Amino acid sequence: MGEKELNIEQEGLGFATMGGAPESKDLQHNVGPENNSRKEKRWSLADFDIGKPLGRGKFGNVYLARERESKYVVALKVLFKNQLQQSQVEHQLRREIEIQSHLRHPNILRLYGYFYDQTRVYLILEYAAKGELYKELQRCRVFSEKRAATYIASLARALMYCHEKHVIHRDIKPENLLIGSKGELKIADFGWSVHTSSRRRTLCGTLDYLPPEMVEGKEHDAGVDVWSLGILCFEFLFGTPPFEAKKHSDTYKRIVRVDLRFPSKPVISAAAKDLICQLLVKDSSQRLPLQKVVSHPWIVNNADASGIYSHAS
Ligand code: N15
């Protein structure tokens, strides 16, 4: 069932010939969450009805799209080959596709497949019906402890899954998170692809989510993800990341000193602060392991058991 969506390992080249030989061998893949038809398919733009733009990026845009035969709704990301070439990111893109296509987790946005033509590369991505998390955070200003704990638990489980597969540094800032139709959080790694939302522009090149070892240019490991979980937890509850400062250099200083201060408002439980303090630890080996994040009393007492935050509840 759906095991052949993206056979990058077998086929190897993918769109290696980014120059765009249209006759170059295509990959075969199916679309949909659990495509149980045995049929394998080479997708083309003609297979999709294209809808409204969902987002804009440096290399191209993302559109709402629907596969004509199955009526399955997806997000179709269109990247321009010449822009990818100019920025020398084709290799990175191929690597990202390879990683992403092997990840199957309810809290990680699926990459169903891809295809290309002479000028563009198209990524068939999961559609997250409730949109961008950072916009929701802007709208609400802060999240309730219940909602924050549910998101943090989902993220911790998704990151545990990634770490088991030796995939680290998921760059989990709010801009990289989407919300599914049931309110579930989805990591959608925008990575290098520079998503030019207004917030991104204003915070372009932000250090806010980076751990001390990364801002200091030292070696780093899976502990970076644990740190960013702490940053995110703080931001969900207080509305801004903890080490924010007007000047880049001041953020840098606050990160390396772990200058963590909790605002007096909103009033947040001691248990939430305890978790944040255990995540934002300078020595990456001393940060709370993800297994212990999901069993932390604040998570256990606040997160929805299903890992889904629903507006209805
Ligand atoms: C290199 C490659 C394999 C990585 C694949 N991942 C990405 O390219 C990351 N990426 C995800 N880039 C764009 C997206 C993206 C997917 C952006 C927006 C959406 C998306 N799925 N669903 C949306 C979406 N749903 C929305 C609902 C309301 C308003 C806006 C929405 N955007």
Side-chain angles (χ1 to χ4, degrees), residues 5-9 11 13-16 18 27 29 31-33 43 48-67 72-81 83-85 87-116 120-140 158 162 165 167-200 309 311:
E5 275 110 322
L6 257 167
N7 244 326
I8 289 173
E9 283 178 336
E11 302 283 338
L13 285 180
F15 43 86
M18 280 271 217
L27 295 180
H29 30 255
V31 75
W43 297 109
F48 296 89
D49 290 317
I50 308 298
K52 67 170 182 178
L54 295 172
R56 295 174 197 291
K58 186 179 174 191
F59 302 110
N61 298 338
V62 185
Y63 298 90
L64 186 62
R66 192 175 61 177
E67 201 272 311
Y72 195 79
V73 173
V74 298
L76 194 68
K77 184 165 179 170
V78 184
L79 302 159
F80 289 93
K81 285 180 179 177
Q83 289 172 21
L84 295 168
Q85 272 168 340
S87 309
Q88 303 191 314
V89 293
E90 306 120 286
H91 182 80
Q92 204 179 342
L93 176 63
R94 230 172 293 121
R95 224 185 82 88
E96 293 261 337
I97 287 178
E98 176 142 1
I99 292 170
Q100 188 124 348
S101 63
H102 287 97
L103 300 176
R104 301 286 160 88
H105 191 277
N107 300 111
I108 298 171
L109 197 82
R110 274 287 304 276
L111 173 66
Y112 297 128
Y114 73 89
F115 56 94
Y116 52 90
R120 292 162 288 207
V121 177
Y122 305 83
L123 303 179
I124 310 168
L125 293 157
E126 180 180 359
Y127 173 62
K130 289 188 178 162
E132 297 157 292
L133 184 121
Y134 84 90
K135 282 200 178 148
E136 187 62 12
L137 185 57
Q138 274 178 344
R139 194 179 68 78
C140 300
C162 291
K165 296 198 168 262
V167 174
I168 64 157
H169 192 12
R170 300 302 303 179
D171 196 18
I172 50 166
K173 46 195 166 209
E175 290 84 347
N176 287 349
L177 303 175
L178 294 168
I179 309 174
S181 62
K182 288 171 255 148
E184 74 279 29
L185 177 147
K186 305 266 180 190
I187 301 178
D189 208 352
F190 299 91
W192 47 272
S193 64
V194 188
H195 193 236
T196 54
S197 65
S198 56
R199 183 189 151 101
R200 258 304 260 273
Y309 178 86
H311 289 272

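Start at 1 and go down the list; that is how both ligands and their atoms are numbered. Here the structure is a predicted model, which means the values were calculated and not measured.
Residue L64 does not touch ligand 1, judged by heavy-atom distances below 4.0 Å. Proximity of S101 to ligand 1, defined as any heavy-atom pair under 4.0 Å, is not found for any part of the residue. Contacts of E96 with ligand 1, taken as heavy-atom pairs under 4.0 Å, involve both backbone and side chain. For I97, heavy-atom contacts with ligand 1 shorter than 4.0 Å involve the backbone as well as the side chain.
Assignment of G55 to the shell around ligand 1 is not supported, since no heavy atom sits closer than 4.0 Å.
Set against the non-hydrogen atoms of K77, the atoms of ligand 1 under 4.0 Å away are 7 (C), 8 (O), 9 (C), 10 (N), 12 (N), 13 (C). With ligand atoms numbered from 1 in the order given, ligand 1 contributes 4 (C), 5 (C), 6 (N) to contacts under 4.0 Å with heavy atoms of Q100. Residue L125 has at least one heavy-atom neighbour below 4.0 Å for each of these atoms of ligand 1: 5 (C), 6 (N), 8 (O), 10 (N), 11 (C), 14 (C). Contact atoms of ligand 1 toward A75: 20 (C), 21 (N), 22 (N) (distance under 4.0 Å to a heavy atom of the residue). Using a 4.0 Å cut-off to heavy atoms of L123, the atoms of ligand 1 that qualify are 2 (C), 8 (O). Counting atoms of ligand 1 from 1 in the listed order, those under 4.0 Å from a heavy atom of L93 are 1 (C). Here is the list of ligand 1 atoms found below 4.0 Å of a heavy atom in L111: 3 (C).
Side-chain atoms of L76 and F115, non-hydrogen and from C-beta on, do get closer than 4.5 Å to each other. You'll find the side chain of V89 reaches within 4.5 Å of the side chain of L84, heavy atoms only. When side chains are defined from C-beta on, E67 does not count as touching V74, because their heavy atoms never get closer than 4.5 Å. Residues I179 and L185 are not in side-chain contact: their nearest non-hydrogen atoms beyond the backbone lie 4.5 Å or more apart. The closest side-chain heavy-atom distance from F59 to V121 is not below 4.5 Å. Taking the side chain as every heavy atom from C-beta outward, I187 and C162 never approach each other to under 4.5 Å.
Between Y72 and Y112, the ring planes lie perpendicular to each other; the angle is over 60°, past the 30° to 60° tilted range.
A salt bridge links R139 with E136; the closest basic N to acidic carboxylate O contact falls under 4.0 Å.
Considering backbone and side-chain N/O of E126, one or more are found under 3.5 Å from N/O of ligand 1. Checked by distance only, ligand 1 and G131 stay at 3.5 Å or farther apart across all their nitrogen or oxygen atoms.
Considering CD of E96 and CG of L111, their distance stands at 10.5 Å, rounded to 0.5 Å.
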